[in-house]
Amino acid sequence: MAKLQLDKTNFFVGGIAVLLPTMGILAADIAAPGSGKAFISSLKSYLTNEFGAFYMWAAILSLIFCLAVSFSKYGNIVLGEADEKPEYSTISWVAMIFSAGIGAGILWGGASEWIYYMSTPPLGLEPGTELAKEWAITTGMFHWGPSAWALYSVCSITIGYYYYVRKDPVLKVSESCKGVLGTRAKGPLGNVVDIFIMIGLVTASATSLGLGTPVVAAGISKVLGLEHGTAMNLAALAIVVGLFTISSALGLKKGMAKLSNFNIFLAIGLLVFVLFFGGYFLTTIKSFTTSVGSLVTNFVRLSTYMEPYAENSTFVSDWTIFYWAWWVSYGPFQGLFFAKISRGRTIREMVLGTLLFGSLGTAVFFAIFGNYGIGLLDAGIFDAPAALASGQTSFTVIIDMFANLPLGTLFIIGLCVSAVVFMATTFDAASFSLAAMTTKELPDGADPALWNRLVWALFLGIIPIVINLIGGDLGTIQISTVVGGLLMVVILGIVALSFIKELKSDIANGVELPMRKK
Ligand code: NM2
């Protein structure tokens, strides 16, 4: 096999773009304790305030784009040959979309977001009321709902088109900007796009790790009766990085894939357990029904809600904007994967399947975990909002909440295992993509160099470590994603336009498109 060449520009500029600001913040914080966190929080309010509408429109337009393409006659374009059957059965396709598309974030979000939403609700609702509870579940479903999955799908449409219709496999996502950038996609402009995408991916993964590791750390602390603090967080991070490093060094790619399949069963097991043994089965079913309905009726309101006259509320910037930034940053990476596994499906099936099944799956987490928490609150067993308000972190609150389950300790161990596996597979896939983007020509099916992947794995760990060292909280974790997402929104626009341009030119040139015959 030909020797792989490092793409030096992407590697060094990308690496420096990730390391320099992170280390700068750490150094400033060491020089003047507290300054790192303060800087981050002012940067976050600046960006979410000045560019908030930009993120909001990115989500709205992505969803419109996905629906318009799906319902147009070009939704019938088959990703493959016109008469091709899907490569994977629908069930395994949905499972793959789900296990790739979400991670440890949903374990944290499903279990804890309702507390924030209920205590500081959107739409000027009175905190803690019946209506606030109802909306707490609905809001979670919204932030992990169709607009979110559309931010992934924009990339999978364009990449799928290049891959299967143009038969021009995209290995670096910058190549999916060819329609707009032309041959420049291979020059310095391509490097800029790649580096933006790399920053997005690093920051998005940093958020997944930054939210996932403390859940594991809090779980271990609870089970072993130790104190949950920075040291424990760093230990949990070390476990995840260690697991990932060993498995990549030993070349356990298959092992990782198996682990990730097993994790889907584990996650379903955790959900089923809480649903049936948590004690709030009926409320959960009713709440699921209510909130799905409420999401449908209020979808436009939530999608455009920016609280322009709110005086003290930071709901939209803390949540909606943060979420869109988080999802969009994962977009190219997920889009590539979704396109690859959708061979033999039409664009319509791929997109609507992702939007529908993705949203339903996440909705189930919010309904089940959220209603367990609300149930405990209403029954006077465990007051999660009060625990959070008293200064406890969301991570220990989640663990204390689940400790009330029958076989609570066992459940917490299961939750931690699931979070560790979710994170290790995120590490594996993200470091793989980052290494692929910093390799010049990577033949289809070849793996980038191991050292390159390990360097990126290390970089992925650095942001969460620094956040821990400067005593970061949820807001600190969110910021890197907000920055990364801003760059990605620009790329997403170019990716969507590229698809339109390529399709138009193919139609004008009379190319026979592989359409599914009815
Ligand atoms: N998204 C889906 O940790 C995770 O769950 C990874 C997060 C972008 C919010 C995905």
Side-chain angles (χ1 to χ4, degrees), residues 55 58-59 62 96-113 116 139-156 197 200-216 236-237 240 244 260 263-264 266-267 270-271 318-338 354-355 357-366 369 394-395 398 415-416 418-431 433 460-461 463-464 467 474 477-478 480-482 484-485 488-489 492:
Y55 295 94
S62 294
M96 282 191 276
I97 294 267
F98 211 72
S99 56
I102 59 155
I106 192 77
L107 300 178
W108 170 83
S112 75
E113 273 175 42
Y116 295 96
T139 315
M141 292 178 177
F142 172 66
H143 289 147
W144 293 72
S147 337
W149 291 94
L151 290 167
Y152 284 180
S153 296
V154 172
C155 293
S156 55
I197 293 173
L201 181 52
V202 170
T203 54
S205 320
T207 301
S208 297
L209 300 169
L211 292 176
T213 40
V215 173
V216 176
L237 196 62
V240 176
F244 154 76
S260 143
N263 206 29
I264 278 282
L266 179 58
L270 295 174
L271 286 171
D318 284 350
W319 295 107
T320 316
I321 291 172
F322 155 65
Y323 263 116
W324 294 167
W326 195 10
W327 284 85
V328 76
S329 304
Y330 267 118
F333 164 67
Q334 300 288 356
L336 193 66
F337 177 73
F338 287 10
T354 305
L355 299 189
F357 292 118
S359 308
L360 262 180
T362 49
V364 168
F365 274 92
F366 284 94
F369 284 179
S394 55
F395 314 110
I398 297 175
L415 186 79
C416 292
S418 176
V420 167
V421 176
F422 264 139
M423 284 187 284
T425 48
T426 303
F427 251 124
D428 185 52
S431 62
S433 312
L460 288 174
I463 299 180
I467 289 173
L474 183 57
I477 298 173
Q478 291 173 331
S480 64
T481 287
V482 172
M488 260 313 301
V489 169
L492 197 71

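Atoms within each ligand, like the ligands themselves, are counted from 1 in listed order. Starting from 1, each residue takes its place in the sequence as its number. In this text the structure is predicted, and so the values were computed from the model without any measurement. Quick note: numbers below take in every heavy atom, side chains included, and nothing from hydrogens, waters or symmetry partners.
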With a cut-off of 4.0 Å, which atoms of ligand 1 are near a heavy atom of Ile106?
5 (O)
Under 6.0 Å between the ring centres of Trp144 and Tyr323?
yes
Do Trp319 and Thr139 get their side chains close enough for a donor-acceptor pair, meaning under 3.5 Å?
no
Does either side chain, that of Ser208 or that of Tyr330, offer a donor lying less than 3.5 Å from an acceptor on the other one?
yes
N or O pair under 3.5 Å between Trp144 and ligand 1
no
May I ask you to check if ligand 1 and Gly103 share an N or O to N or O distance below 3.5 Å?
yes
Any heavy-atom pair between the side chains of Phe369 and Leu271 that's under 4.5 Å?
yes
So the atoms of ligand 1 within less than 4.0 Å of a heavy atom of Gly101 turn out to be 2 (C), 10 (C)
Below 4.0 Å, non-hydrogen atoms only: which portion of Tyr152 touches ligand 1? Side chain, backbone, both or neither.
side chain
Donor on one side chain, acceptor on other, Thr207 and Thr481, under 3.5 Å:
yes
Does the ring center of Phe142 lie less than 6.0 Å from the ring center of Trp324?
yes
Tell me the protein heavy atom at minimum distance from atom 6 (C) of ligand 1, and give that distance in Å.
Ser208 OG, 3.3 Å
Return yes or no for this condition: an N or O of Gly105 is under 3.5 Å from an N or O of ligand 1.
yes
How does Leu211 reach ligand 1, if at all, at less than 4.0 Å between non-hydrogen atoms: by side chain, backbone, both, or neither?
neither
